[in-house]
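To start, the structure under review is shown below, and the notes come after it.
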Amino acid sequence: WNGWSPGLGNARFQTAEAAGLSVKDLPRLKLKWAFGLPGGVETSSQPSVVNGTVYVGSDSGNVYAIDAKSGCVHWSFLAGAGVRTAPVVATVGKRRAVLVGDLTANLYALDAATGRQIWKNRVADQALSRITGAPAAYDGRIYVGVSSSEEISGLQANYECCRMRGSVNAIDAATGKTVWTFHTIDRPATVLGARPDGRRKWGPAGIGVWSAPSIDPKRGVIYVATGDSFTEPAEPLSDSIIALSMKTGEKVWSYQATPGDAYMTGCNRAGPNCPETNGPDYDFGSSAVLQTMADGREVVVGGHKGGGVIVLDPDRKGALIWSTMLATQTASAKGDIVFGGAVDRSAGYYAMQISGGIASVDLQTGKKRWFTPSRPPADRANRIGSAAAVTVIPGVVFNGGWDGVVRAYSPDDGHELWSYDTVRSFDTVNKVQAKGGSMGAPGVTVAGGMMFVGSGYIGTSNGMPGNVILAFGADGD
């Protein structure tokens with residue numbers, strides 16, 4: 001499981017052979033080891049597993065290479081800021097490297113054997129730029145998106161807002177140099193006028209790329225999903241899925257799911273940088289997915305924070321095939337589908353943060369298949385739903401909840417098959433004090449007969465902090 005997903009299309013579907021686990025193994029799953037992240041309060045970097053090594057970042061900026069069987073550390077590296085991205089292992093020149101991005105928009109290539117830095121590229125120079133989505137590597141190039149925390153900083157009255165524009169960057173893997181950059185807004189921000197307090201008002205701004213790009217070698221494109229505008233009027237590529245040429249970075253096509261979405265966090269009250277009409281904040285916070293359906297057709301699938309799922313035709317310039325609203329109630333700024341679903345050849349599976357549960361939709365027709373509501377423990381009754389990404393293997397759908405419980409569901413009807421409550425303290429292999437909490441971003445990673453998951457997430461919704469990586473295997477392994 002290398003990166004955000006085990007495949008280039010980011011479907012978050014792991015084959016039975018690669019998973020090494022099946023539905024029959026669930027009753028025998030046992031905790032094999034726990035690893036504490038020093039100084040951490042969130043586990044927002046999803047573990048990657050390559051050749052028996054687990055690679056994971058941390059909000060304190062440390063990147064670790066950990067033995068998958070024992071939990072012992074091979075090496076660690078300290079980045080310049082927190083690392084939320086799932087690490088990706090790729091060939092860089094003649095070496096194998098671990099690729100990670102940090103919260104100041106630095107992309108690093110680290111020697112996979114030693115953890116030493118090979119190169120670093122600050123892919124965006126705006127002060128509040130960040131990399132939150134995993135990079136994607138293919139054929140000597142690395143593709144990575146850029147987002148920004150300006151959506152939050154803009155709420156401060158003394159901040160002149162807003163200037164950031166999202167981007168996608170192609171990097172030469174061998175040298176670390178930028179090959180091309182595509183901006184989600186076609187022009188830089190300029191001064192639009194003065195605010196009532198005399199400070200300058202800037203725009204247009206926003207449209208970050210929060211998630212990992214998906215690669216389509218057959219068509220020579222990558223697919224990226226975008227967030228909202230920070231300033232109004234909202235730009236045409238906000239809340240969109242975009243196909244870009246892998247070679248040149250030129251836009252091949254785009255589909256906008258929610259026009260007119262200009263949003264600033266916290267603008268439920270008046271502020272000098274607030275849009276006149278705020279929201280609805282229906283970003284695509286998760287990756288666009290390329291998947292082959294059971295009938296052999298390829299489709300591009302997206303799920304947005306409003307709780308809607310769309311399917312596009314990549315052979316007809318992103319024409320809409322169907323759109324379905326899975327949300328059972330109107331989504332707030334917290335978002336309903338946040339960090340993404342998983343898609344197999346017949347269905348999509350989505351965690352619903354506001355609606356409070358997990359849902360499935362038929363990939364061919366767009367019809368809802370099932371919805372399983374959250375049932376948190378009594379002492380966490382108010383922590384319903386999930387923002388964390390979903391993972392699917394044949395016969396099992398995995399998801400971690402806002403209540404700190406990781407669960408396995410049946411893909412056929414959504415009934416619960418297995419669960420493990422992570423909200424407790426753990427004895428860790430590295431002797432760091434660690435506890436579990438809410439699960440709010442990374443999904444479960446399944447590879448080589450083991451399951452890995454991080455526990456602890458605060459987010460914007462008063463989640464439960466935590467700083468532990470957990471490894472499970474079938475009893476007797």
Side-chain angles (χ1 to χ4, degrees), residues 4-5 7-11 133 135-136 138-139 141-147 165-171 179-187 204 206-229 233-262 282-293 295-306 308-324 337 340-341 343 348 361 363-364 366:
W4 185 243
S5 174
L8 296 175
N10 282 321
Y138 184 78
D139 195 24
R141 286 189 181 178
I142 301 153
Y143 304 92
V144 65
V146 175
S147 56
R165 55 177 177 161
S167 68
V168 183
N169 304 269
I171 311 298
V179 178
W180 54 253
T181 297
F182 173 85
H183 290 285
T184 55
I185 299 174
D186 61 8
R187 62 206 183 279
I207 315 185
V209 177
W210 297 90
S211 55
S214 298
I215 296 177
D216 185 348
K218 174 181 171 182
R219 297 173 182 84
V221 299
I222 63 171
Y223 304 107
V224 295
T226 68
D228 51 42
S229 288
E235 293 290 307
L237 293 182
S238 60
D239 296 358
S240 297
I241 292 177
I242 309 170
L244 301 174
S245 166
M246 294 170 65
K247 183 177 181 180
T248 66
E250 295 178 346
K251 187 183 77 170
V252 178
W253 56 258
S254 64
Y255 178 88
Q256 188 176 44
T258 309
D261 187 6
Y282 284 1
D283 300 53
F284 284 101
S286 54
S287 296
V289 170
L290 177 67
Q291 179 61 290
T292 302
M293 296 195 297
D295 64 4
R297 289 187 299 157
E298 289 184 305
V299 291
V300 176
V301 187
H304 61 71
K305 287 170 64 179
V309 177
I310 63 171
V311 167
L312 309 177
D313 188 339
D315 292 318
R316 293 193 296 133
K317 294 188 178 297
L320 180 67
I321 297 174
W322 56 256
S323 175
T324 296
I337 298 172
V343 183
V361 59
L363 191 59
Q364 191 152 8

message: I need the Ile321 CD1 to Gln364 CD distance, nearest 0.5 Å.
response: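 Going from the CD1 atom of Ile321 to the CD atom of Gln364 covers 9.5 Å.
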
- prompt: Below 4.5 Å, heavy atoms only, C-beta onward: do Asp228 and Lys305 meet side chain to side chain?
  reply: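 The answer is no, as the side chains (C-beta and beyond) never meet within the 4.5 Å cut-off.
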
field: Check: Val289 and Tyr223 side chains under 4.5 Å, non-hydrogen atoms
entry: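 The answer is no, as the side chains (C-beta and beyond) never meet within the 4.5 Å cut-off.
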
message: The criterion is salt bridge (Lys or Arg N to Asp or Glu O under 4.0 Å); which residues satisfy it with Asp295, sequence neighbours excluded?
response: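 In terms of salt bridge (Lys or Arg N to Asp or Glu O under 4.0 Å), with neighbours along the sequence ignored, Asp295 is linked to Arg297.
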
State which residues pass side chain to side chain donor-acceptor pair (under 3.5 Å) with [X]; sequence neighbours excluded, sorted by chain then number.
X      : value
Asp186 : none
Ser240 : none
Arg219 : Asp216, Glu298, Asp315
Ser238 : Gln256

Expected output: side-chain [X] to main-chain [Y] donor-acceptor under 3.5 Å:
X      : Y      : value
Arg165 : His183 : no
Ser286 : Ile337 : no
Trp322 : Leu363 : yes

- request: Specify whether Tyr143 and Trp180 have parallel, tilted or perpendicular ring planes, treating 30° as the upper limit for parallel and 60° as the lower limit for perpendicular.
  value: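 It falls in the tilted class, 30° to 60°.
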
- prompt: Sequence neighbours excluded, which residues qualify as side-chain contact (heavy atoms from CB on, under 4.5 Å) partners of Ala212?
  reply: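 So Ala212 forms a side-chain contact (heavy atoms from CB on, under 4.5 Å) with Trp4, Asn10, Ala134, Ser287.
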
